[in-house]
Every structure is written in C-alpha cells, then in structure tokens.
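Computed over heavy atoms, backbone and side chain alike; hydrogens, waters and symmetry mates excluded.
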Amino acid sequence: MDPSGAPKSTTNGLANGHSPAASERLQIINDEKKFTPDLAAQIERWGLRDAGFGYNIVAVFGSQSTGKSTLLNRLFGTTFDVMDETRRQQTTKGIWMCRGKDMNVMVMDVEGTDGRERGEDQDFERKSALFSLASSEVLIINLWEHQVGLYQGANMGLLKTVFEVNLGLFGKNATNGRTLLLFVIRDHIGQTPMANLQATLTADLNRIWESLSKPTDLQDRQLSDYFDLAFTALPHKVLTADKFESEVVNLRTRFVDKEAPDFLFKPAYHKRIPADGVAFYMEGIWEQVQTNKDLDLPTQQELLAQFRCDEISTVALAEFNEQAKSQRRPVEAGRVVDGLGGMMRSWRTDALTRYDRDASRYHQGVYGRKRVDLIAALDATLSPLYLGQLKNLHKTCLVAFKKEMLDGLHGEGYSFADVVLSARERCLGRFETGAKEATVEDTDWTWEDEMISLKEEVGSVADQCRKDETKKMVNLIERNFKKQMSEPVDLALNKAAPDMWDDILRTFRQTLDKAEASYLAKATSFDCTEEENASSLAALRRRAWQGLRAKIDEQTADQVILGKLRGHFEERFRYDEAGVPRVWKPEDDIDGAFKKAKDETLDLIPLYSKIQPTDPKLEYALPADSIAIPNDSLSGEEFDFEATLVVFTETRGLELTQKFRREADAYYVEAKRSTVASIAQIPYWMYGVLVVLGWNEAMAVLFNPLYFTFLLFGLGTAWAIVQLGLVGPLFQITRTIGNEVQRQASTRLREHFSAPVLTEPIRAQGIKREEQEDDLIEQRRRPQPM
C-alpha cells in the first residue's frame, strides 16, 4: 500500500505461487470506519463460501510498526503490505483480510495501535480490538521483548478496556465467547528466559483482570474462564534471519497440523458461524461496535441466522414451488394424479433436506424456528393439492360406485344388497387407499371427514337406486299382474252373471297375494325398511286395483258393453234353450220372447255399473284400507277408492239403455219380417204351368248323359240328407245366414244413405227414430192383401 492508503499491486503474491483469487486481499474496514459490502463476494472468490465450519479466522493485534504484516505473510503466505524500513510510517490502515496460502484460514491484519497518525484518538483502536476479539478464534498479540512489563508499551491499558467489554459480552456464556490469546514475543535474544516473560505477562493480565469492574453475578469469574493464553518467541528477524525463518515455520505448523499437540485452531475457539455467513456476521458486529452498544454475540448470531435461514428457506421454497406447480393444473382440472402423495413427500423432503444442509450450521434456535416456518409454508402449498386430490378421489370413486352398482344390476338373479355392498366396499377401499397415499407424514391433514361425506353420498345414491329398483320391480309385478288378470276379467264380464264381480274379486285377491309375495321375496335383498315396504306394497295394491279398473273400463266402453248386451240379447231371443237358432213361425210368441230377452238384458246394466260382490265374504278382496293413503311416493296422486267402485254413472246407464233398445227393436222388426214372408203361398195351378213349360228341359236332362249324371248325383245327395235327418238344420242354417246377410246389408245401406241431423238434440233424434220404427212395425202387423 502506498502512503495514501491505496492498495498496492498483488504481483508479489503471484510470484510466491498464489492464484489471483487466493492472493487477493480486501480492506473490510477502511480508515473512515466503513464496512465493505464486498466481503461475501470475496469469500466466494476465495472458494470458502461452501466451506461450512471448515475454516478458521485469525487476527493480529499490536503496536504500529512491530512487523505484524510481515509476521502474517510469513505464517500464512498472505500478501499484506509491509512497512518501508526507510520511512517508518503507518502501512496498514483500517482492517484488511486475506486467505492463507493453501489453508482455509481467513487472516485479518489490523491497524496498529499507538500510531502517530491517529495521535490521541483511541476510538478506532478500541473498536478494532473489540472487533478482532469478537470475530477471530485466535488473536495474535504481537509485541517486542523489551515491551514486556510495560503498561502502555505492551498495550495493557487497551487490553483492560477489551476485557471489560468482553466480560459483559461473555459473562453469561463463557463457552461461546472463548478466545485464544497468542502472545508472540519478537526479537527474543534469550537473555530473559521465556518462562519469565510468560510469567510476567500472565501476572500482568491477572492483575488487570482483578482490577476490572465486574457485574455482581460475575465477581468470582477468572480470566481463564474466558481466555486461553499461549506464548511463543521469535528471534531477531535481521540479526538471526535463518533462525527466525525456522521458528516461523515451526509456528506455522501449529496453525496447520491438526494432529500436533499444540495445535492452535481448536474447536472450542470456533464461533460456529458458517463460512457463507461470515460477512453478515462481521458486518453486524462492526455496526454494534460503531454505535457503542454492548457487543452481544448471541444476538448477532441470531440476526445472522435469521438472515441466512431466510435466504436458504426462500431458495428451497422457490424450487419447491416450481415442482408443485407442475401438478396444480391437473388437480384443479379434476383429475386424480397417480402417485401425488409420493411426489409431495419427495418435494417436501428435498426442500427440508436442502434447508437442513445449509441452515443447520447457524444458531439452533433460529434454525429451528425458521424450519417450522418453512414447513408451514410447504404445507400451505401442498394442502390445496391434497384437498383437491381428495375431492377428485371423492368424485371419481362415487362415479365408479354408480357404474359398478348399475352394471351389477343388469344381470339375472342378482341380490341388490350384495351388489351394493360389494360396490360400496370397493369404492370406499379405493378412496381410503388413494387418501392414505396422498397424505404427507408429520402434518395434521386428515381424510376422515371426506370419507364420512363420501359414505353419506354413497348411501344416498344406494337409497335412490334402491327406490328406482323397487319402482322397476313394482312396475314389472304390475305388468305381470295385468297379464294374469286380463283373461279372467274378460271371461267374467262376457259371462255377465250376477256373481261375475265375485269371480273377478276372488281372482284379483289371489293374483294380488301372489304379487305381494313376489315383491316381499325380492325386497329382502334390497334391505328395505318396514316403512319403505309398507309404502311399496300400498302402491302395488293401488296400481293393481287401478290396473283392474283400467281393464274393466276397457271391457265396459260404450261399443264393447253394447256388444256384450247385444250378444246376451241374441242368445236369449234368437236361440232356444238348447242353443238352436230359432225359425220364427206365425204362431210363435215373438213379442213375449222379445220382451223377456230385452228385460233380462237391461237388468245387466245396473250389474255392470258398480263393482259389488254378492258374497259378503269377498269384501276382504277390496283393498280399500291398504291403499287409502293420502299420498304415495311412487304415484304421487290423491286416491278416492269409493269412486273407483262405480264403473259408470246412472246417466251413462240411461244412454246405454236407449242405445240397446234401438238395436233390440231392429232385431224384433227383422223377426216379424221373416214371419210375414213365410205366410205367402204359391198357387197350385202354377205347378201345372211349370210342368208344361219345363217338359222339354226335363226330357233334355233325362236323355242327356251329362245332365242325367248331375241329376242322379243331386238326387243321391238329397236322399242322403233326408236319411241323415239334416234337412231341418240345413234349412235353418241357410235361413240364418241369409237373414244375417240381409241385416248387415240393411244396416250398411241405412248408415250410408241416412243424413245426420246436426241441429237437433241427440235425445230428440232418438225419440223421433223410435216413433218412425214403431210406425213401420205397426204397418207390417196389419194383414197383407193376397
């Protein structure tokens, strides 16, 4: 360094074998008492940033121009500027630092004390001494042999000040503040034995210690509780240069050889500050020294730890967030990410491992607190992924449950309860497996609440499916019931007997009992409650009854019931008791037969109009009590059972009576017409005319072989019919067919040519048509002229 204080060239260091980075030195505190912001970068260039605790710090302290820089350059291979012997002026200003050659040692060269440049300004001396003592593990106190025993010459006054401050510093915890004071006695010529010099210095230090103003609770503390003392001597550098160099090499060995018994860098002296935090640590110490505050090393360590742990945590958290970001989008999109739990655990472990690796070297309390904060930040990032994974699992398992349950219900002979139980176990098992896989250890995350919610939804879906299946089963039973009831109802209503409702209700009760038994047999596998079974049975009875009523309504529609009445009338009017079709003769009582058949047929209309059994014992067959409930979950309709017993009202019964009467009168007119036609006879003389006129044709037939053959065949057929007694039935069948053809033709022609009267009321039109038909009947009853 030149006299102005600017750094000199480092070519000397390069000449000694240093690399540019290793030989580069830095002024960490300048003569204006400013701490450099470049120390952290310089430590990185020295290659010590990642050294952790594998480094040491040594400082030199002593009077100006006592060869401190020279001693450091010899011991550690540093490149500090040395004094120009011809000028005897201050060389080192402020505090400089350099890395030792081939050593993980940071060496501080401190500005000398008692310099003429500072004069009586001892502020920087005190502050630099305090800073050196707080920062270094080993403080080399450099002094001449002739200064031993002097108070100011040996810097005993300055050391007293340093001891007083450090007593407050390390009073509560002497272990963390323990420092080695290495006294290097220069130009030792051997006249005064080394033991005497050591005893003198030790006595002076103990006397200074005893004179300190100690706190009340530290009155019994000794110098040895806070400082270790070591002593060594070096020959004269000029007069005995070779011996000086050899002793310097021996002293260097004590700094280098860890196996040596007198190794100086013992672990007890290390400040436990990682290498990457040294810059911040020293800056904090210097700031408190500058503001004249008590130097509290534990507080500085905590501040450093907070700063560095925050930095390390931020880096670890940033890398962790990048990893977590890759799976955030799939989870938010509703996908179940396979192996998400493993990935989250891996990300979390990597982040904590990185933090622990770099931050565990700092103050353990701060390290622990920041680790807890980091874990909270990691868990806060992972928690939405975990919750999203649970929601997606919930949704996916529920969908799979529905599909598996419906697939199981498509087969034949399945048990609903078994299908639901199997699908439910698989659903909950998949969810539990996925939830456990996604759960990260050492967190308060739980999936039991989501499992409870899933169970509720699964139960709700199963209940709804059970209701649907129950409804389907009721519908199927209802269809089978209608099929079984269709033919018995048709037969009973076609028979039109007074006990037809007894037959219908008896069959209804038997068929309904079978349907209920079928339902109960299948419902056992549905795990239905008693209330659900009661409701379903009530609905089944209601719908069975409604099905019966629909069938009855179908068989009692206007055209159908008129057909039944017409058939009943025909059986009694056109056929005798033996079932043989009647051929009406003038002497037959047509009026009496017509009235009897019509009255018997009209008596059926009240029978058809209401469901009312004749046997009181069949009242049980009516399901009035079992289905007369206000509402039903399957039908959702109000139900009035009494109204369903009425097949058709009196008004409709009158209308049916009128229509039937008109059709019955037509049969009556037809019967009278056939009687009148049979009264007419052929005159006898007509037979003679037929013989005369047909004589030639008869002869042609007799003498023509072909015609004669046909004649013989016809006569043979006639003889056979007579012999078999089929003449009467044959005539009757022929007449019946002819009459039916005539009636159908008349009906079609009447319907075709009759014009409907739109403005006349229907009832008046019917009355008018009856009057016309009565007039026609009256005319036909009159005797016809021969």
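To the nearest 0.5 Å, atom CG of residue L182 and atom CG of residue N142 are 9.5 Å apart. Taken from CG in N30 to CD in E111, the straight-line distance is 10.5 Å, to the nearest 0.5 Å. Going from atom CD of E322 over to atom CG of L317 covers 11.0 Å, rounded to the nearest 0.5 Å. Rounding to the nearest 0.5 angstrom, the gap separating the CG atom in D38 from the CD atom in E44 is 12.5 Å. Between atom CZ of residue F227 and atom CG of residue L180 there is a gap of 11.0 Å, rounded to the nearest 0.5 Å. Rounded to the nearest 0.5 Å, atoms CD (Q27) and NZ (K34) are 13.5 Å apart.
The two residues L39 and M282 have their closest heavy-atom pair at CD2-SD, 4.1 Å. What you find for L26 and Q42 is that their closest heavy atoms are CD2-CB, 3.8 Å. Across every non-hydrogen atom of A305 and Y362, the tightest pair is CB-CB, 3.7 Å. Here the shortest heavy-atom pairing between S453 and H394 reads OG-CE1, 3.5 Å. Shown here for W46 and C98, the closest heavy-atom pair between the two residues is CZ2-CA, 3.7 Å. In this structure, M405 and V420 approach most closely via the heavy-atom pair SD-CG2, 3.7 Å.
Relative orientation of the W445 and Y386 rings is parallel, given thresholds of 30° and 60° on the angle between their planes. Ring pair Y55/H270 is perpendicular by interplanar angle, where above 60° counts as perpendicular and below 30° as parallel. Using cut-offs of 30° and 60° for the angle between ring planes, the F320 and W347 rings count as perpendicular.
Within the 3.5 Å criterion, the main-chain N or O of A377 finds a donor-acceptor partner in the side chain of T381. Between the side chain of S346 and the backbone N or O of G342, no donor-acceptor pair lies under 3.5 Å. Formation of a donor-acceptor pair under 3.5 Å by the R354 side chain with backbone atoms of A316 is not found in this model. In this structure, Y355 contributes its side chain and Y367 its backbone to a donor-acceptor pair below 3.5 Å. No donor-acceptor distance shorter than 3.5 angstrom exists from the side chain of T396 to the backbone of L393, with no hydrogens or angles considered. One N or O on the side chain of R252 and one on the backbone of L75 form a donor-acceptor pair closer than 3.5 Å. S460 places no side-chain N or O within donor-acceptor distance of the main-chain N or O of E456, the cut-off being under 3.5 Å. Using a distance-only test at 3.5 Å, with no hydrogens or angles considered, no donor-acceptor pair links the side chain of D109 to the main chain of W96. Judged by distance alone, the side chain of R99 and the main-chain N or O of M103 form a donor-acceptor pair under 3.5 Å. Under a 3.5 Å cut-off, the side chain of Q389 and the backbone N or O of V337 do form a donor-acceptor pair.
Judged by a 6.0 Å distance limit and a 45° cone about the ring axis, R272 is positioned over the six-membered ring of F53.
Shown here is R371, whose CZ atom has more than 12 heavy atoms of other residues, nucleotides or ligands within 6.0 Å.
Applying the ring-ring contact (aromatic ring centres under 6.0 Å, His included) definition to pairs two or more places apart or across chains, none involves residues 417-436.
Every side-chain contact (heavy atoms from CB on, under 4.5 Å) that S422 has, sequence neighbours left out, goes to R426. Qualifying side-chain hydrogen bond (donor to acceptor under 3.5 Å, both in side chains) partners for Q464, counting only residues two or more places apart in sequence or in other chains: D468.
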- Could you go through the salt bridge (charged side-chain N to carboxylate O under 4.0 Å, His left out) check for R308 and E311 one step at a time? CA-CA 5 Å; R308 285 296 299 146; E311 281 189 340; 2.2 Å; yes
- Message: K391 vs E450, test: salt bridge (charged side-chain N to carboxylate O under 4.0 Å, His left out). Steps then yes/no.
- Response: CA-CA 8 Å; K391 293 294 182 184; E450 195 70 26; 3.5 Å; yes
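The residue from V399, L406, D407 that alone fulfils the side chain to side chain contact (heavy atoms under 4.5 Å, CB included) condition with K403 is D407. Tested against F265 for a side chain to side chain contact (heavy atoms under 4.5 Å, CB included), the candidates N104, I57, V58 yield a single pass: V58.
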